[in-house]
Amino acid sequence: MKLIFLGPPGAGKGTQAVKIAQTYQIAHISTGDMLRAEMREGTKLGKEAKDLIDRGELVPDDVILGMVKNRIQKEDCKNGFLFDGFPRKIAQAEALETISEIDYVINIDVPVETLIKRISGRRMCASCGAAYHVSTYAEPNCVCGAALYQREDDKEETVRNRLVVYERSTKPLIDYYIKKGLLHTVNGNADIDTVDAAIRAVLSK
Ligand code: ADP
Ligand code: AMP
C-alpha cells in the first residue's frame, strides 16, 4: 500500500501516520522528520535546510526528491510506504509520478483556528520524533525517556508563514489529486481516534 497524507501543518498527519503505518506494516516517511534528523546530526544538507525551515519556507525540490528516492529503496518500504509532508507542491507530485504509483491520498481537513491551537501546543521528542500536545501530556520527557522540545518553526511568526506557504504551494494538490481520482478527504477536526477510524474506513474500501 502506498499512501500520501496531505494537509496543512498541524492537521495531525504525523499523529495518524504512526498508527496507520504500524497496522499496514509500511514505512512512515516524513520529509520533515528526515530534515530535522539531518539538522540534529549537523550534516551539510541539514545546515543548508535550517534557515529555510526556521523561516517556514520550503526546502528545494531536488534536495527533497533526492532524499525520497533514496528512502523508498530501503528494505522497510517493501510492503509500501506512507508519505507525510510530501509532496508539498505540484512539481514534487509530478516528480513522484515518475518514481512510484500511489494508491490513496488522504486529505486531513482541519480549520485554521484548530491548526494554530495544535501547533502552538505541540512538543516533540528529539530522539524518536513523537509529537505530543501540552493539553494532553504535561510531562517534560517522552515515553522513550528523551526530553521534549518546541520546534523552532512552531513559534508564532513562522507558523503564520507556514500557513501562507501551505495555501499557496500545497493546497493546489487537493485539486491535482481529485483530478487523478485519488483524493479522499477526512474530517481532521475531531479526536485522534475518530480521525483514525475515518482514515481506516477509506483504506478498507
Ligand atoms: P502534522 O504532522 O500534520 O503537522 P501533528 O500530527 O504533529 O501534525 O499534530 C499537531 C499537534 O496536534 C500535535 O501536538 C498533536 O499531538 C496534536 N493532534 C494531532 N491530532 C489531533 C487531534 N485529532 N485532536 C487533538 N490534537 C491533535
Ligand atoms: P513538517 O515536519 O512536515 O511540518 O516540515 C517542516 C519543514 O520542513 C517545512 O516547513 C519545510 O521547510 C520542510 N519540508 C518538509 N517536507 C518538505 C517538502 N516535501 N518540500 C519542501 N520542504 C519540506
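Counting starts at 1 for both ligands and their atoms, following the listed order. Residue numbers count from 1 along this sequence. As the structure is a computational prediction, the values presented were derived from the model and not from experiment.
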With heavy-atom distances below 4.0 Å as the criterion, list the atoms of ligand 1 near A11.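 Checking each atom against A11, I get 3 (O), 8 (O).
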Which of the atoms in ligand 1, numbered in the order shown and given with their element, are less than 4.0 Å from a heavy-atom of H133? 14 (O), 16 (O)
Return the minimal non-hydrogen interatomic distance between [X] and [Y], and the atom names on each side.
| X | Y | result |
| --- | --- | --- |
| Y166 | G7 | CE1-C, 3.7 Å |
| A21 | H28 | CB-CB, 3.9 Å |
| I72 | C77 | O-CB, 3.5 Å |

[atom]: the protein heavy-atom neighbour that sits closest, reported with distance to 0.1 Å:
| atom | result |
| --- | --- |
| atom 7 (O) of ligand 1 | R122 NH1, 2.6 Å |
| atom 15 (C) of ligand 1 | T15 OG1, 3.8 Å |
| atom 2 (O) of ligand 1 | G14 N, 2.9 Å |
| atom 8 (O) of ligand 1 | G12 N, 3.2 Å |
| atom 18 (N) of ligand 1 | R118 CD, 3.9 Å |
| atom 4 (O) of ligand 2 | R151 NH2, 3.0 Å |
| atom 11 (C) of ligand 2 | E57 O, 3.5 Å |
| atom 16 (N) of ligand 2 | T31 OG1, 2.8 Å |
| atom 8 (O) of ligand 2 | L35 CD1, 3.6 Å |

Report yes if some N/O of S30 lies less than 3.5 Å from some N/O of ligand 2; otherwise report no. no
Mind checking whether R122 has an N or O less than 3.5 Å away from an N or O of ligand 2? no
Report the part of [X] in contact with ligand 2, treating N, CA, C, O as backbone and CB onward as side chain, heavy atoms under 4.0 Å; options are side chain, backbone, both, neither.
| X | value |
| --- | --- |
| V59 | both |
| D153 | side chain |
| I64 | side chain |

Positive for side chain to side chain contact (heavy atoms under 4.5 Å, CB included) with I106, one of T185, L6, L203, L3: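 Option passing the side chain to side chain contact (heavy atoms under 4.5 Å, CB included) with I106: L203.
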Does K78 reach the main-chain N or O of I26 with its side chain, forming a donor-acceptor pair under 3.5 Å?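 No, the answer is negative, given that no donor and acceptor are paired below the 3.5 Å cut-off.
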Is there a donor-acceptor contact under 3.5 Å from the side chain of T158 to the main chain of D54? yes
Ignoring hydrogens and angles, write down the donor-acceptor pairs under 3.5 Å from the side chains of residues 86-97, residues two or more places apart or on other chains.
| residue | atom | partner | partner atom | Å |
| --- | --- | --- | --- | --- |
| R88 | NH1 | G85 | O | 3.0 |
| K89 | NZ | D61 | OD1 | 3.3 |
| K89 | NZ | D61 | OD2 | 3.2 |
| Q92 | OE1 | R88 | N | 2.8 |
| Q92 | NE2 | D61 | OD1 | 3.1 |
| E97 | OE2 | Y176 | OH | 2.5 |
| E97 | OE2 | K180 | NZ | 3.4 |

How long is the gap from NZ on K47 to NZ on K50, to the nearest 0.5 Å?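 Those atoms lie 12.0 Å apart.
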Gap between atom CD1 of I199 and atom CZ of F5 - 0.5 Å precision: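 Going from the CZ atom of F5 to the CD1 atom of I199 covers 4.0 Å.
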Taking non-hydrogen atoms only, is D191 closer than 4.0 angstrom to ligand 1 via side chain, backbone, both or neither?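 Contact part for D191 vs ligand 1: backbone (N, CA, C, O).
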Would you say G7 touches ligand 1, if touching means a heavy atom closer than 4.0 Å?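 False for this residue.
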Using 4.0 Å as the upper bound for N to carboxylate O, is an ion pair formed by [Y] and [X]?
| X | Y | answer |
| --- | --- | --- |
| K179 | D175 | no |
| D154 | R122 | yes |
| K117 | E113 | no |
| D76 | K74 | no |

List every atom of ligand 2 that sits less than 4.0 Å from any heavy atom of G85, numbering the atoms from 1 in the order shown and giving each element.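 So the answer, numbered in order with elements, is 16 (N), 17 (C), 18 (C), 19 (N).
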Compute the shortest N/O to N/O distance between [X] and ligand 1 and return yes if it is under 3.5 Å, no if not.
| X | result |
| --- | --- |
| A190 | yes |
| I119 | no |
| Y132 | yes |

Please work out which of K13, Q92, R162, R88 has its closest non-hydrogen atom nearest to atom 3 (O) of ligand 2.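 Result: the heavy atom closest to atom 3 (O) of ligand 2 is in R88.
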So which residues get pulled into V134's cluster when ILVMFWY side chains under 4.5 Å apart are joined, directly or through others? none
